[in-house]
Structures are given as C-alpha cells and as structure tokens.
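Worksheet: one structure, shown below.
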Number of protein chains: 2
Amino acid sequence: MFAIERIRIIKNYLLEKNKVSVNELSKMLDVSEVTIRRDLEKLEEEGMLIRTHGGAVLKKQTNPSNSNNMKTKSTDSTSPYSDLYEEIADIAIHIIENGDVIMLANGIINYHIAKKLDQKKNVTVLTNDLLVSIEASSSSSNKAVLLGGDVDYETKATFGALTAMDIQKFYVNKVFIEVDGIDVDTGISVSTIDKANLINSILPNSKEKIILCLGSNFNKTAFYNISRLDIAEKIVTNSNIDNSYKEYLSQLGIQLYTSINAVERGNI
Amino acid sequence: MFAIERIRIIKNYLLEKNKVSVNELSKMLDVSEVTIRRDLEKLEEEGMLIRTHGGAVLKKQTNPSNSNNMKTKSTDSTSPYSDLYEEIADIAIHIIENGDVIMLANGIINYHIAKKLDQKKNVTVLTNDLLVSIEASSSSSNKAVLLGGDVDYETKATFGALTAMDIQKFYVNKVFIEVDGIDVDTGISVSTIDKANLINSILPNSKEKIILCLGSNFNKTAFYNISRLDIAEKIVTNSNIDNSYKEYLSQLGIQLYTSINAVERGNI
DNA sequence: TTTATATGTTTGCTATAGAACGAATTCGTA
DNA sequence: TACGAATTCGTTCTATAGCAAACATATAAA
C-alpha cells in the first residue's frame, strides 16, 4: 500500500470516528507505529487533526461562514426591470385560455408568464426555454413540451438546427414573443441571431402572434430584424406609448394591451 | 505496442484497480520503469491520477476532508446517497475523453458527471436532462444538446415521442445510463417506463454503453426491464460486489470499475 | 540529411519505513 | 501525593526501493 493511500484511509477513519489511536492504526494498516506517527504528523501539519498522547483527534474546522450563498434561480429576478417584466406577464396571462396550445419563446417575460400558468388548465406550452418548461410543467393540469437543440448557458434555452426542426412538428394557437425593439419602419427586432431564427421558425406555425415588449424598447431597432409589425395580432407592453403609435397599431388591426399600473408608477 | 496503447491500458487498469505500481506496470507492459513513470507523469497532467512514491492512485475530485459543506445545486445533494452518487461520477468522469460525443441519460449520477465536465475539452453532451444540459453547457469548451420532448417536472427531463425522434438524429461514442437494477438473470432495469423507452431509443445509436449503478442495486430488478446485461461494455459502481458477479461480468467481457472507500467498509 | 519523439541505461540522490533507545507521559497503587 | 511500571514519544540510524536527471540509442518524421 502506498503512503498516500494509507493517509487517505487514516483521514477517512478519523472523519468517521473523530479520534484514532496509534496502536489501532498500526495494527489495522499493518505498519509500524513509527510510520503511523509520521503520518499523523503530516496530517497535523495539514491542520486536519490534533495529536495527543497515544493518537490524535479530529480538528474542528472553523467554518469560514459560507452559509450565505445558495442562490435559487438563475434568472436575475433582482434585475431592475423585474417588476416591469412581471407587469407585462400579468397582462399576457389573461390572453391565455384554458385548453390553449401556446408557444413561449425564451425570455424573462415568458418565464413570468409560465410561473403564472397554474391559474390555467389544460394548457400545453411549447418552448425553447428550460426554465419556462420547468415552470409550465409544475402544474399537473398543464403540460410543457421543450424543443430540443443546442443549449445556451446564458439564456438557458435551446437553439439551432434541431430546435428549428422540432418546431416544424407543432402548430400552436398563440405564440408569445419577447422582442428587443419595435419600430414603425423596421418592425420587430431582437438582439441575437439565434432568437431571430427561432422566431422566424415558429411564426408560420402559429395562429396568433403576441408581441411582448418593454415600453422602453419602442422606437428602437435591435440588431436582428424579424419582420414587419403587421404580422402580430396583439402587442403587450408595460407603459403607455404615444398616440401616434396607438393610431398606427389600430390602423394595422393590432390590439394594444398596456399595463394599467403604468400611470401610477409615473414612468414613461 | 504504441505509447498511446500503453497509456490506454494503464488508464483502464487504474480505473479497475484504483491504484497502480510502477514496478507492476513495468513488468506487465514489458517496458522500463522510466517509461512507466513518464506515462504516469502525462496522466497526472491530465488530472487522471496522483503520483506517489512507487506508483499512482486514481484521483478523486471529492476530497473526503471537505465533503461536508458547500452543497450547491437543487438536486437533493442532501440525500443520504449523494456521496455514493458522486463516488460513481468520480470514476465515470475518467472514462470520458476530450473530444468525445456522449449521451448522459437523465439521473443524479449523470448530473454529477456533468458538473465535473469542466475538466474536459470539446466534449459534446447529448441529454434529456435539463439540469445536466445546463451544467454541461456551463463550460465554454464543451457543448450540450438537449433532446426535445414532454417535460417531466419531477425529474426535470424530457421524454416521449419527440425525445425518441430527436435521439434518432444522433450517434454518440459513449452513453452513460443509470439503472435501478442489475441482475444476472433479468439484466438491467429501471423504475419508469419513460426512462426505459428513452434508453431503448439510444442504445442502437451508441458505440459504447456504460452502466452506472449503486452497489445496493445489484441483484435487484426494477419494474421495467431494458435488456440483457451483455449489451454493456462497462459497469461503474460504488461498492465491491461479490466475486460471483465479478467472474460473470468478466466472462461477458464487461469491465467493472469500482470506487472503494476502503476504510468505511472496513476492508483493507 | 536533420529533427523530433520514444525508450532504455546509468548514476547519484531521496523517500520510505522499520529498529533501537533514551526521554517523556500516563496510570495504577501505595 | 509519590513512585514505579508501562506505554508512548522523538530522534537517530540503516536498508531498501524508488526517484530524477543526464546521457545514449533507436525509430520515425520532415
């Protein structure tokens, strides 16, 4: 037996018994007591034990107060926008009806929608967002179907060729899409190509398209353009937007849902 | 014999025995001790083993001295079996080589393997386990592909028709399967039909099948039978199993890797 | 050819582990 | 409390095995 093995064994034994005797170890490991003493000496240097006459006892670790961590979920619900996301989700949840088959593309607002889904029954959720799928499946009356694909650690969502293929297999009543930009001229846009591809894949396979967008993202254009605005049936946002937009959207036949809290908060 | 062959043999030998001596290997492989030392040096750099005077022992990520505190993730690592799961994962991780394309079926052991994957490079992980996919994608040098399907809230994994279809699109080097029962007569079995179906789907599409099984699940048969034992190339478990099994497995040409915590079990 | 890689041999040097023995300690008993 | 026996300890010494480094050889690649 190698020294390192012997020491490993002594460590384990000590952790179990909290104390060891030289004699006992010597017999157990079939080496001389001198050797055991030398081993214990090493372990004492490591700070693992305190030697005593005839053996050693386990040293109590001074715990470096690490009890603070243990964050639960990775979505930054501490983000400054968290409330706004939830406001939008609060509106959007009412658009969903029992028995609906919906797609929730990956994103924070859709995560909040998924958390509220236990209010509904017999809803089938198609999503590429891992956290959305977990929330949506938490209620036994609903069902979540996750799209396969390459996992993006940052967004906790699947993308890529497999995702696009999987999407083709489904047809949904409603798709909820979070966008990073809405603009009269450029339409709707998102900031990553993966998300753009995903949305483009699902659009043809959905009856009703519902755009979710922070009020602050109106009049903005993100890097990847998806389509013109008029593909959408509904837009949900958190703040009142100016009248020109309202008119424009109503001309296109798009329903605009706005969080009523917007005014109270006094935000623009 | 090429160096690369020799090193592969040493690896396997080490995984089986948990320790090797320079002298022993030198005789066994008919090369000088210097050569063996140089090989061990390489393997130590790879993080596979720890060299010691006279040989080397298999490296364990789970240091017994700090096994107490700092539990991180939501899977019940507080479960009494947690350490055993991790022991098995500690062995299994050494079976994975850089550049491998592997399947990790859903389960706790595979979750532990996924957490250790940051030691490896360019590994592609196919999985139906959401948590596994997140862990496996956390390192930028690796890649995770999640199988689509119906999400099961309890196991945080995907199952069903879509999962089976998605699996057909891939072929992997190695598949790691956690089973709930191993028996000489009945072969390998699991406790849910979903998992049984999943495993049956991937088996034809994998070159090497590696079974992960708690020692306590030997001689047991879970509800859903999967196949005979001889489809597996390797079995990894956490405790010594009796000699009749060892003989039987070696007759079938199955390599048995065992993690032994010698003292705990009192056998030296 | 040169160059690089893999392996073996030789040569001190070092690590390991046991023996010996005086010093320190524990402990039972007076 | 005191004292002696028994145990345990630390130190030194020794034999053995294992080690790294330098050098040598062979084989393959450029």
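Note: hydrogens, waters and symmetry copies are ignored here, and every other heavy atom, side chains too, is used. Every chain is numbered from 1, with letters handed out A, B, ... down the list of sequences.
Side-chain contact check for B/Asn173 and B/Glu208: no donor-acceptor pair (N or O, by modelled atom type) lies under 3.5 Å. Checking B/Asn98 against B/Asn122 by side-chain atom types alone, no donor-acceptor pair falls below 3.5 Å.
Using a 4.0 Å cut-off between charged side-chain N and carboxylate O, B/Glu46 and B/Lys42 make no salt bridge.
For the pair A/Lys156 and A/Tyr153, the cation sits on the ring face: its NZ or CZ lies under 6.0 Å from the ring centre, inside 45° of the axis.
Distances shown here put every side-chain N or O of B/Arg51 at or beyond 4.0 Å from the OP1 or OP2 atom of C/dA15. OP1 or OP2 of C/dT26 lies within a sub-4.0 Å distance of a side-chain N or O belonging to A/His53.
In this structure, the CD1 atom of B/Ile4 is 16 Å from the C1' atom of D/dA28, given to the nearest Å. Atom-to-atom, CE of B/Met1 to P of D/dA28 comes out at 16 Å; the value is rounded to the nearest Å. Atom CD1 in A/Ile7 sits roughly 14 Å away from atom P in C/dA15 (whole-Å rounding).
DNA chain D is contacted by B/Val22, B/Arg37 of residues 11-48 of chain B, taking any non-hydrogen atom closer than 4.0 Å.
Ring orientation note: the planes of B/Tyr85 and B/His112 are close to parallel, at an angle under 30° on the 30°/60° scale.
Minimum heavy-atom separation, B/Ile113 to B/Ala92: CD1-CB, 3.5 Å.
Mapping A/Ala3 and B/Arg6 onto DNA chain C via the closest heavy atom, the residue that lands nearer the 5' end is B/Arg6.
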